[in-house]
*Asks:* 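Below you will find the structure I want to go over with you.
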Amino acid sequence: MDSKVRVRFAPSPTGGLHLGGVRTVLFNYLFAKHHGGEFILRIEDTDQTRFVAGAEQYILDTLNWCGLTPDESPLHGGAYGPYRQSERKAIYTQYAQTLIEKGFAYYAFDTPEDLEEKRKQVPNFQYSRAHRMEMKNSISLAENEVSELLKKNTPHVIRIKIPDEEEVVFTDIIRGEVRFDVSTVDDKVLLKADGMPTYHLAVVVDDYLMKITHAFRGEEWLPSAPVHILLWKYLFGLDKMPKWAHLPLILKPEGSGKLSKRDGERLGFPVFAMDWSDPITKETTVGFKEKGFLPEAFINFLAMLGWNDGTDKEIFTIEELIAAFDLERVHKGGAKFDYEKAKWFNQEWIKKTDNKILAELLQPFFDQANIEIHERSYLIKVIGLVKDRCHLLTDFITQSSFFFAAPKSIDTAAILPKWEEKKQAFFTALSNSLKEMKGKPLAAELETHFKTLAATHEIKPGDLLLPLRIMLVGGKFGPGVFDIIESIELPDTIARIVHSLQLLSEK
RNA sequence: GGAGCGUUCGACUAAGGGUUAGGUCACCUCCCUUUCACGGAGGUAAUACGGGUUCGAAUCCCGUACGCUCUACCA
């Protein structure tokens with residue numbers, strides 16, 4: 001690289017950040033850090049009608065949770081601010097003006113109603129060479145008419161004048177050479193009637209001013225790339241233009257099409273990185289964080305959606321991702337989102353994460369479930385016992401709640417079919433004998449005791465183990481029975497057996 | 001309709017002219033485990049179609065089909 005790599009992520013603050021957005025951030029971040037460059041967050045809030053309060057903070061929080069902190073942003077500052085486009089309004093006006101002066105853009109006075117009408121009349125209406133002269137603009141109108149309209153402050157926009165014939169060619173890092181015959185694109189609005197720029201003007205102006213060297217965005221932007229390239233040519237010169245890469249889309253798990261918030265709701269998985277509550281509708285959309293994902297797993301999973309390092313390695317730390325990342329190995333085709341695989345990544349990361357750290361991360365989940373943790377060290381021990389069977393952090397609640405309080409319900413229906421007098425007698429004897437034991441016996445000790453007692457009652461231990469488990473945890477799940485007894489200790493164990501025995505006798 | 005992009009097991013993907021087309025998730029079987037997992041060993045399963053080029057094509061070329069994205073004073 002001849003100059004320092006600078007990349008940017010430029011979201012509109014209109015709601016929660018979804019998977020595709022986070023992956024775009026991730027690829028930007030990985031690329032920047034791989035090359036020792038900078039990652040910039042720019043807020044594209046030029047559409048006041050879609051602006052949502054709190055969305056910007058949410059984006060910052062999300063990036064923070066993911067560990068993808070920008071080097072420059074509205075929050076962090078930087079030498080190329082302001083980083084909110086709404087605060088850069090005057091800058092865009094100036095460039096739009098330049099384009100008009102050079103004849104690459106023109107004023108258009110058509111009202112939204114005019115356009116709607118025209119679109120109704122003409123089947124595939126394009127505001128372009130074919131119909132430009134039929135519209136109300138500074139090309140079709142006489143010069144004095146135009147200056148009159150401008151003087152009277154008639155609402156107007158500024159449109160780019162797409163050349164009649166020109167082939168725009170550029171090299172996309174992922175896709176290679178891409179060609180467009182410009183005659184099929186229309187005269188996009190550059191500056192809106194309210195004086196705000198559209199995306200088209202704003203990206204190129206800001207990418208230039210912020211010295212962006214590489215511009216990555218979703219594949220949905222590919223069709224408008226010729227407009228941006230023309231603008232670069234007119235305004236700053238193609239030699240200054242960043243290298244482009246259009247990232248493949250993240251698709252619905254079944255069927256086809258871009259993954260949307262709705263798909264998550266329909267299929268029961270998160271699509272946003274973190275919980276998002278719409279300030280107006282008050283509707284909350286669940287996020288990966290609250291669903292129980294580790295940020296490392298979330299990032300790891302996203303990285304593997306459309307990229308791999310060419311080996312069989314799948315579990316990567318962020319440092320490993322930075323070291324291995326190479327845009328040219330990014331896939332061209334879209335990737336379907338697979339929630340099962342996402343959970344697998346999370347499980348792998350849970351296994352990898354130290355129990356002490358897990359205890360800290362788990363605390364809020366236990367708090368929310370109203371489970372009181374008296375001793376952190378006890379929590380850590382329990383985590384070690386159950387972590388192998390947890391895909392999500394929320395699984396720890398169901399997998400371990402019985403370590404902290406007696407189960408709310410006992411699945412007696414699972415015991416009853418094979419329940420008999422002599423088992424009743426055994427468990428009575430067991431609870432009595434446990435009362436005799438002192439201190440905190442270890443699992444192995446307890447197991448020996450249990451088996452000896454079973455033998456004297458002439459019952460196979462296997463016939464007794466499942467009922468015991470259900471008495472202790474409420475159902476057919478959880479770690480080894482004797483590990484559980486060792487942890488919850490004698491008094492609780494006895495209480496649970498006695499309680500269950502009573503339930504069973506009532507049936 | 002137009003333009004652009006894409007297409008390897010159900011899913012994510014590897015293989016960049018020569019492999020029995022490999023790995024992971026999911027699914028199935030077995031082992032371990034007197035629960036559920038974890039772990040271990042196996043299994044099912046793919047180059048969209050048709051033409052070329054070539055001794056040889058998943059790979060290069062052309063066409064077809066299908067899919068997707070865009071086609072707003074939204075990004």
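The sequence lines fix the lettering, A, B, ..., with proteins before strands; numbering per chain opens at 1.
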*Asks:* Taking atom P in both A14(B) and G1(B), compute the distance separating them and give it to the nearest angstrom.
*Replies:* 33 Å

*Asks:* Respond yes when some side-chain nitrogen or oxygen of Lys352(A) is under 4.0 Å from OP1 or OP2 of C38(B), and no when none is.
*Replies:* no

*Asks:* Salt-bridge test for Lys313(A) and Glu320(A): reply yes if a basic N is under 4.0 Å from a carboxylate O, no otherwise.
*Replies:*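 Salt bridge: yes.
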
*Asks:* Under 4.0 angstrom, heavy atoms only, what part of the nucleic acid is His331(A) near: base, sugar-phosphate, or nothing?
*Replies:* sugar-phosphate

*Asks:* Look through every strand shown and name the nucleotide pairing with C9(B) as Watson-Crick or G-U wobble, where both distances are under 3.5 Å.
*Replies:*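 Pair assignment: C9(B) / none.
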
*Asks:* State whether a side-chain donor-acceptor pair under 3.5 Å links Tyr199(A) with Asp47(A).
*Replies:* no

*Asks:* With sequence neighbours excluded, what pairs up with Asp263(A) under the salt bridge (charged side-chain N to carboxylate O under 4.0 Å, His left out) test?
*Replies:*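 Expected list: Lys252(A), Arg266(A).
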
*Asks:* Checking base pairs now: Watson-Crick or wobble, both atom distances under 3.5 Å. What partners A14(B)?
*Replies:*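 Per the H-bond distance test, none.
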
*Asks:* Nearest to the side chain of Ala193(A), heavy atoms from C-beta on, is which of C73(B), U71(B), A3(B)?
*Replies:*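 Closest of the options to the side chain of Ala193(A): C73(B).
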
*Asks:* Does Glu134(A), at its CD atom, have more than 12 non-hydrogen atoms belonging to other residues, nucleotides or ligands within less than 6.0 Å?
*Replies:* yes

*Asks:* P atom, A45(B) versus G23(B): distance in rounded Å?
*Replies:*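 Their P atoms lie roughly 14 Å apart.
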
*Asks:* Output the rounded distance in Å from CG (Leu249(A)) to P (U7(B)).
*Replies:* 13 Å

*Asks:* Taking atom types as modelled and ignoring hydrogens, do the side chains of Asp172(A) and His246(A) form a donor-acceptor contact shorter than 3.5 angstrom?
*Replies:* yes

*Asks:* How many Å lie between CD on Gln347(A) and P on A37(B), as a whole number?
*Replies:*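 After rounding, the reported distance stands at 11 Å.
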
*Asks:* Is it the case that more than 12 heavy atoms not belonging to Glu458(A) sit under 6.0 Å from its CD atom?
*Replies:* no

*Asks:* Select base, sugar-phosphate, or nothing to describe what Val178(A) touches, counting heavy atoms under 4.0 Å on all strands.
*Replies:* sugar-phosphate

*Asks:* Which whole-number value in Å describes the distance from Arg217(A) CZ to C70(B) P?
*Replies:* 13 Å

*Asks:* Looking at Glu56(A) and Arg84(A), is there a salt bridge between them, counting it only when a charged N and a carboxylate O are closer than 4.0 Å?
*Replies:*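 Between Glu56(A) and Arg84(A) there is a salt bridge, with a charged N closer than 4.0 Å to a carboxylate O.
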
*Asks:* Any residue in residues 477-485 of chain A with a heavy atom nearer than 4.0 angstrom to RNA chain B? Just list them by number, or reply none.
*Replies:* Phe477(A), Gly478(A), Pro479(A), Gly480(A)

*Asks:* Considering only the C1' atoms, how many Å lie between A11(B) and A46(B), rounded to the nearest integer?
*Replies:*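 It comes out at 12 Å once rounded to the nearest Å.
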
*Asks:* Indicate, with a heavy-atom threshold strictly under 4.0 Å, whether Gln399(A) touches base, sugar-phosphate, or nothing.
*Replies:* nothing

*Asks:* Should A21(B) form a Watson-Crick or G-U wobble pair with both distances under 3.5 Å, which nucleotide is its partner?
*Replies:* none

*Asks:* Watson-Crick or G-U wobble partner for U33(B), using a 3.5 Å limit on both distances?
*Replies:*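 Partner of U33(B): none found under 3.5 Å.
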
*Asks:* Of all the choices, C73(B), C12(B), G6(B), which nucleotide is nearest to the side chain of Lys341(A) once you look at every atom?
*Replies:*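 Ranking C73(B), C12(B), G6(B) by closest atom to the Lys341(A) side chain puts C12(B) first.
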
*Asks:* Could you state the atom-to-atom distance from NE2 of His131(A) to P of U71(B) in whole Å?
*Replies:*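 After rounding, the reported distance stands at 18 Å.
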
*Asks:* In residues 308-315 of chain A, which residues come under 4.0 Å of RNA chain B by heavy atom?
*Replies:* Asn308(A), Asp312(A), Glu314(A)

*Asks:* Once you measure the plane-to-plane angle for Phe337(A) and Tyr339(A), does it fall in the parallel (<30°), tilted (30-60°) or perpendicular (>60°) bin?
*Replies:*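 Phe337(A) and Tyr339(A): tilted rings.
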
*Asks:* Using a strict 4.0 Å threshold on nitrogen-to-oxygen distance, state whether Glu117(A) and Arg119(A) make a salt bridge.
*Replies:* no

*Asks:* Does Leu385(A) form a side chain to side chain contact (heavy atoms under 4.5 Å, CB included) with Ser487(A)? I'd like the steps, not just the answer.
*Replies:* CA-CA 10 Å; Leu385(A) 251 21; Ser487(A) 291; 3.7 Å; yes

*Asks:* OP1 or OP2 of C74(B) versus the side-chain N and O atoms of Lys192(A): is any pair under 4.0 Å?
*Replies:* yes

*Asks:* May I ask you to say what Asp181(A) touches in the nucleic acid, namely base, sugar-phosphate or nothing, with a heavy-atom cut-off under 4.0 Å?
*Replies:*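 If one applies the 4.0 Å heavy-atom cut-off, Asp181(A) turns out to touch nothing in the nucleic acid.
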
*Asks:* In terms of side-chain heavy atoms of Gln126(A), which of C70(B), A75(B), U71(B) is nearest?
*Replies:*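 That would be U71(B).
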
*Asks:* Please give, in whole Å, the distance from U13(B) C1' to Phe337(A) CZ?
*Replies:* 17 Å

*Asks:* In terms of side-chain heavy atoms of Leu222(A), which of U69(B), C5(B), A3(B) is nearest?
*Replies:*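 Minimum distance to the Leu222(A) side chain belongs to C5(B).
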
*Asks:* Can you tell me if NZ on Lys460(A) sees more than 12 non-hydrogen neighbours from other groups inside 6.0 Å?
*Replies:* no

*Asks:* Below 4.0 angstrom from OP1 or OP2 of A37(B), is there any side-chain N or O of Lys351(A)?
*Replies:*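 Lys351(A) to A37(B) OP1/OP2: no side-chain N or O under 4.0 Å.
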
*Asks:* Contact class for Lys343(A) (heavy atom, under 4.0 Å): base, sugar-phosphate, or nothing?
*Replies:* nothing

*Asks:* With heavy atoms under 4.0 Å as the rule, sort Val189(A) into base, sugar-phosphate or nothing.
*Replies:*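 Sugar-phosphate contact only.
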
*Asks:* Starting the side chain at C-beta, find the nucleotide from C70(B), G10(B), A75(B) nearest to Asp338(A).
*Replies:*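 Closest nucleotide to the Asp338(A) side chain: G10(B).
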
*Asks:* Remember a base hit wins even if backbone is also touched, and classify Lys258(A) as base, sugar-phosphate or nothing at under 4.0 Å, heavy atoms.
*Replies:* sugar-phosphate

*Asks:* For the pair made of CD1 in Ile174(A) and P in G6(B), what is the distance, rounded to whole Å?
*Replies:*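 In whole Å, G6(B) P and Ile174(A) CD1 are 11 Å from each other.
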
*Asks:* A72(B) P sits how many Å from Asp47(A) CG, rounded?
*Replies:* 15 Å

*Asks:* Using a strict cut-off of less than 4.0 Å between a Lys/Arg side-chain nitrogen and an Asp/Glu carboxylate oxygen, indicate whether Glu113(A) and Lys118(A) qualify as a salt bridge.
*Replies:*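 Salt bridge absent between Glu113(A) and Lys118(A).
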
*Asks:* Look at Arg469(A) and C36(B) and indicate whether a side-chain polar atom (N or O) is within less than 4.0 Å of OP1 or OP2.
*Replies:*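 Checking C36(B) against Arg469(A), no side-chain N or O comes under 4.0 Å of OP1 or OP2.
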
*Asks:* Answer with base, sugar-phosphate or nothing: what part of the nucleic acid does Ala335(A) contact at a heavy-atom distance below 4.0 Å?
*Replies:*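 If one applies the 4.0 Å heavy-atom cut-off, Ala335(A) turns out to touch the sugar-phosphate alone, with no base involved.
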
*Asks:* Paired with A48(B) by Watson-Crick or G-U wobble geometry, both distances under 3.5 Å: which nucleotide is it?
*Replies:* U64(B)

*Asks:* May I ask you to verify if any side-chain N or O of Arg119(A) is less than 4.0 angstrom from the OP1 or OP2 atom of C73(B)?
*Replies:*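 Yes.
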
*Asks:* Taking the six-membered ring for Trp, are His156(A) and Phe109(A) parallel (under 30°), tilted (30 to 60°) or perpendicular (over 60°)?
*Replies:*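 His156(A) and Phe109(A): tilted rings.
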
*Asks:* Can you tell me the Watson-Crick or wobble partner of A72(B), both distances under 3.5 angstrom?
*Replies:* none

*Asks:* Rounded to whole angstrom, note down the C1' distance from U13(B) over to A21(B).
*Replies:* 13 Å

*Asks:* Distance criterion of 3.5 Å, no angle test: do you see the side chain of Arg389(A) paired donor-to-acceptor with the base of C38(B)?
*Replies:* no

*Asks:* When you measure from the side chain of Leu466(A), which nucleotide among C74(B), U35(B), C70(B) comes out closest?
*Replies:* U35(B)

*Asks:* Could you go step by step and tell me if Asp187(A) and Ser128(A) meet the side chain to side chain donor-acceptor pair (under 3.5 Å) rule?
*Replies:* CA-CA 5 Å; Asp187(A) 293 349; Ser128(A) 62; over 6 Å; no

*Asks:* Regarding Ser12(A), tell me which of base, sugar-phosphate or nothing describes its non-hydrogen contacts under 4.0 Å with the strands shown.
*Replies:* sugar-phosphate

*Asks:* Checking base pairs now: Watson-Crick or wobble, both atom distances under 3.5 Å. What partners A57(B)?
*Replies:*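 Result: none.
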
*Asks:* If you look at every strand shown and take non-hydrogen atoms under 4.0 Å, does Leu465(A) touch a base, only sugar-phosphate, or nothing?
*Replies:* base

*Asks:* Look through every strand shown and name the nucleotide pairing with G42(B) as Watson-Crick or G-U wobble, where both distances are under 3.5 Å.
*Replies:* C28(B)

*Asks:* Applying a 4.0 Å non-hydrogen cut-off, can you work out what Leu190(A) is touching in the nucleic acid: base, sugar-phosphate, or nothing?
*Replies:*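 Leu190(A): no heavy atom of the nucleic acid under 4.0 Å.
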
*Asks:* What is the nucleic acid contact for Thr46(A), judged by heavy atoms within less than 4.0 Å: base, sugar-phosphate only, or nothing?
*Replies:*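 Sugar-phosphate, backbone atoms only, no base.
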
*Asks:* Between C68(B) atom P and Lys252(A) atom NZ, what is the distance in whole Å?
*Replies:* 10 Å

